[in-house]
Structures are given as C-alpha cells and as structure tokens.
Amino acid sequence: MAATDESFAWFKPIRNRIRKYEPLSLIIECSKVLHEVKEIPLVKMKHYTPWSLLQIIKWTVIYGEPINYGLKTATRNDVHIILNQIRDLENHVTMPSEYSDVQTFLKALSYQQFWLQQPPDQSFYGRERQIISLDVRQNIQKRFYNAAGLQLSDFLDLAMLLSFYYLSHPNGWVEEWFVRDLKPAPDPNTIRTFFSLLSRSRVDLKAFLRTQDERVRRFDLRLYEQSPLKFYPLLSVEKRYMCYSPTVLHWALSSFIYDFLKANDPGGFSGEFGELFEGYVQLGLSETGAQFFTESDIQSIIGRGSKSVDFVLPSTDAIVLIESKGIEMPVYAAVSSDRKVVDKALEDSMLKALKQAYVTTHGLRHATTAHPATGIRSTIHVLVVTYKSLYIGKGADFVRGDIERVLREFCIQNGIDIGLIPFSRIHFLSAREFEGLVAVMKAGTNLNDFLLGVERTNSMRESEKFDFGQHLPNLTLPEIVRKPFTDAVESLQSRLRR
C-alpha cells in the first residue's frame with residue numbers, strides 16, 4: 001500500500017472521532033492548550049506538539065459536523081485521545097528512509113516545526129516596517145490599499161496593538177472594542193476591515209483550507225505543512241474573534257504584508273519587494289561599519305553585462321559575496337520527499353544566485369582594475385540571504401545532484417574554476433539569521449573568522465548544524481529591526497489614552 005493510502009486509512013478513525021464533538025468546543029480546547037504551551041514544562045511538550053494541535057483544528061473545520069445537537073462537548077481528555085491517534089498515524093506516513101536523502105527529510109521536518117519553536121522578538125514587527133520604509137515611491141502602500149481597502153499604516157498599528165493584547169491576555173478571545181483606548185479612535189470600518197483580513201468564519205475557513213490542500217496532493221505530505229491557519233490566525237464567531245495560538249498570530253503578523261500582496265497582487269509585487277529586500281540587506285551591512293561594495297560597483301569592474309552578486313565584502317585574504325533573494329520555499333517543495341522537486345523549485349532563484357557568485361569571483365580574480373575587491377583571495381565565502389527560511393541546510397548539502405551538475409556545466413561553459421568556492425563555504429540565511437550575523441559583526445567578531453568557524457563546526461559529524469542560525473550567539477538585535485520597532489511602540493503609546 002502506498003504511504004499516502006496507508007496514512008489516509010489511519011487518519012479515518014481520527015476524522016470519525018472528530019465528528020463526534022461539537023466543532024467549536026474542540027477548536028476552543030485545542031486553542032487553550034496552544035495558549036498554555038509556553039507554560040508547559042519541556043518534558044511534557046512531546047505530548048502537546050503545536051503542529052499536531054493545529055492539525056486537529058484544521059481537520060475539525062474541514063470534517064466537523066456543522067449542526068448536530070447530539071454532539072459531545074470536547075474536553076482536554078478528548079484532545080489527548082486525538083493526539084495519541086495522531087502519534088499512531090505518524091508511524092504510517094512516508095518514513096525518513098523513503099526520502100531522497102536525510103537533508104530532504106530534515107527540510108520537511110524543520111519547515112513543519114521550527115517556526116512554532118521560535119518566540120517572537122522585535123524582528124517580528126521591526127523588519128517589515130523597515131523594508132516598507134525603503135519604498136520611497138510608496139508602491140507597497142498603494143498596492144496594499146487597493147487590495148485590502150485599508151491604509152497600510154492603520155493595519156500596522158492595529159497589528160502591533162493586537163500582538164500586545166495577546167501578550168497580556170491569556171484568553172483567546174478578542175472583540176473590536178480592544179482599540180477603545182487609542183486616540184484618535186480608528187473608524188469602525190477600519191477596525192472591521194482589519195479583522196476581516198485576519199479572520200474567517202468556520203464556513204469560509206473550510207473552503208479556504210480545502211483550496212490549500214490542493215497545493216499538496218498527497219495526504220501524508222500535508223502532515224508536514226506549516227499550518228495554513230497562519231494566513232487567517234483568528235476565527236470569526238458572532239462579532240468576536242478567537243486567536244488559535246499566540247505564536248501563529250505573531251508569525252502571521254510578522255510577514256502579513258508580504259504574504260497578502262504575494263497572494264493578491266503577485267504580478268508587480270515580487271519584483272518590487274526583491275529590490276526593497278536588497279536595500280534592507282544593504283542597511284544591515286552599513287550598520288556593521290564593514291567596507292562593502294554594491295552590485296553597481298562590482299559591475300563597473302567585471303563588466304556591465306556580467307551578472308554579479310548584490311554585495312562584496314573584501315578583506316586582506318578573504319572575500320564574502322552576498323546575494324539577497326526576497327523569496328520563500330513553495331509549499332509543495334517544502335513538504336516534498338523528492339529532492340528533485342526541491343531542486344526544480346529553487347532552480348530560478350538559488351541556482352541563479354550561485355551562478356552569480358561564481359561569475360563575480362572569476363571576474364574579480366581576473367580583473368585588471370586596481371580595486372580593494374580585485375585580486376586573488378585564499379578564502380571565498382558566499383551568503384545567500386532569503387526573506388524566509390528555506391530549510392535546505394548547508395551549501396555542501398544543497399549543491400549536490402542536479403544542482404551540482406548544472407553548476408559544473410555552467411562553470412565549464414564559462415571557463416570558470418568551480419573549485420574557487422568550496423561548497424562548504426556556501427551558506428543560506430533567512431532574514432532573521434542575517435540580522436543575527438549583523439549583530440555578530442557589530443560585536444567586533446571578524447566575519448571571515450566567524451564563517452571559517454562555522455565551516456569547521458560543520459565539518460565534524462558530532463558538531464555539525466543543519467541551520468545557519470544554530471551557529472549564531474544570542475545577541476542584541478541590530479538597529480535595522482530595533483529602531484523601527486521602538487519607534488512604532490512609542491508612536492502607539494502616544495495614541496493611548498492615559
């Protein structure tokens with residue numbers, strides 16, 4: 001029996017049990033646990049995995065009986081029973097040995113779980129504000145207003161207020177009056193529009209979730225998805241709104257503008273956002289005080305027709321190449337067990353970034369122009385910074401198979417020595433990890449020394465890390481996220497009635 005057929009057969013008893021309960025009572029009981037998760041000792045966390053609780057909520061919305069007065073009101077013990085059934089189900093999905101390789105399995109597992117294990121910090125609300133501030137033509141603001149019917153500034157203020165509300169209210173419910181202390185008071189239509197962007201009724205949510213399921217045809221692989229509830233983190237119930245999980249809400253708000261415009265205005269938004277994200281990375285590099293050169297600077301050396309990386313950071317015997325990509329992993333690739341599917345999904349972005357790195361390295365190495373970035377360096381690092389985490393592991397993990405074959409063919413065709421950049425010195429960073437690296441540099445750590453340390457750590461089986469962020473110390477976040485966050489907080493505080 002195929003894994004997807006076997007897993008669905010094991011799912012049917014879960015579905016049938018869910019149908020025994022009044023849907024809202026089961027959703028509320030799961031939500032209560034999700035609100036308590038941060039208070040639950042780690043030793044008990046394995047019994048309350050957030051991704052499983054979110055899965056129960058999703059299945060309840062899709063399969064729960066809409067109206068049946070004979071249904072049972074769910075209790076905490078009922079949630080325990082379903083969680084145990086899910087653990088049994090997990091033994092009948094695609095096993096790690098059935099994935100193309102261990103990295104592809106870790107990618108799926110990380111995609112499912114890592115985001116729910118990171119507590120919110122200032123970057124959650126500072127990053128998008130900083131990126132939007134770089135949009136001098138205000139195209140993002142215009143696109144958002146046209147698609148949402150709400151001023152972007154109003155959305156950002158209300159989003160921050162809502163996040164603060166859930167930091168101090170363990171109850172999952174919120175009503176529109178939660179903004180009553182703001183002055184000037186938001187227009188009632190503004191408040192209703194705000195909640196309409198973040199919430200869906202059970203009926204509307206059911207239709208949305210079924211559409212989301214079409215993105216991943218195999219049932220067993222859907223178990224590894226990031227809960228689609230992150231797109232609508234509030235449940236609308238008779239003019240009240242229930243937050244499924246504070247963590248999911250914070251994550252939803254942290255990238256809402258990106259997710260919303262990508263879904264509702266994909267044509268022009270992606271290109272514009274890519275440029276803004278590049279500007280964001282440049283701001284971070286400027287904050288470190290390190291010498292760096294932009295794509296325009298590099299092209300003046302290696303030729304305007306050459307595709308170079310966005311930034312180059314030279315030092316005496318090393319050079320660091322940085323390419324920014326305002327992208328995320330497509331859902332079908334994030335959960336796929338097939339390495340070829342992942343490679344194909346990232347071909348136009350990540351493979352392109354690596355080609356640019358080799359072209360840049362070759363061009364600078366053979367340039368006749370005297371410049372701090374030209375000449376032969378003994379050590380070359382490549383950092384590809386993406387807006388969201390791709391969970392593809394280290395460079396040596398990613399540059400294999402078809403990706404390596406295509407990259408080698410490209411280098412041969414262009415007379416480039418592929419050995420110039422060891423794959424072990426290629427790293428993939430999310431925006432959050434880039435911010436952490438900026439903090440490391442601001443603390444006085446030499447970037448080349450730090451990256452060589454990462455390479456050494458990853459070269460030993462007993463110490464290697466899957467994720468770049470696991471190498472980063474816990475330091476104060478840089479100004480690129482702290483200042484827009486603190487400015488927004490101060491602005492919001494000035495509007496609160498005393």
Distance check, rounded to the nearest 0.5 Å: [X] atom [atom1] versus [Y] atom [atom2]?
| X | Y | atom1 | atom2 | value |
| --- | --- | --- | --- | --- |
| Q226 | Y391 | CD | OH | 5.5 Å |
| L321 | F293 | CG | CZ | 13.0 Å |
| R405 | E409 | CZ | CD | 5.0 Å |

Less than 3.5 Å apart, any donor N or O on the side chain of [X] or [Y] sitting next to an acceptor on the other?
| X | Y | value |
| --- | --- | --- |
| R200 | Y232 | yes |
| S336 | D338 | no |
| T94 | D220 | yes |
| E278 | S324 | no |
| H250 | Y125 | yes |
| R127 | Q130 | no |

Exercise answer: donor-acceptor pairs, residues 483-491 side-chain atoms, under 3.5 Å, sequence neighbours excluded:
unit_1 : atom_1 : unit_2 : atom_2 : d
K483   : NZ     : D487   : OD2    : 2.8
T486   : OG1    : R482   : O      : 3.0
T486   : OG1    : K483   : O      : 3.1

Judged by atom type as modelled, is there a donor-acceptor pair below 3.5 Å linking the side chain of [X] to the main-chain atoms of [Y]?
| X | Y | result |
| --- | --- | --- |
| S201 | D204 | yes |
| T288 | L285 | yes |
| T360 | Q356 | yes |

Crowded around F423 CZ? As in, over 12 foreign heavy atoms under 6.0 Å?
-> yes

Residue set satisfying salt bridge (Lys or Arg N to Asp or Glu O under 4.0 Å) with D213, at least two apart, ordered chain then number -> K58, R222

In this structure, which one of F398, F466, F468 forms a ring-ring contact (aromatic ring centres under 6.0 Å, His included) with F428?
-> F398

Single hit among E479, E287, E435 for salt bridge (charged side-chain N to carboxylate O under 4.0 Å, His left out) with K442 = E287

Exercise: identify the closest heavy-atom pair between F231 and R215 = CE1-NH1, 4.3 Å

Within 45° cone and under 6.0 Å: R210 NZ/CZ vs Y63 ring =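 Flagged: R210 positioned over aromatic ring of Y63.
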
Salt-bridge test for E214 and R217: reply yes if a basic N is under 4.0 Å from a carboxylate O, no otherwise.
-> no

Just wondering, do R425 and V382 contact through their side chains at under 4.5 Å, heavy atoms?
->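 Sidechains of R425 and V382: no contact.
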
For the pair F256 and F260, name the ring-plane relationship: parallel under 30°, tilted 30 to 60°, perpendicular over 60°.
->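 F256 and F260: parallel rings.
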
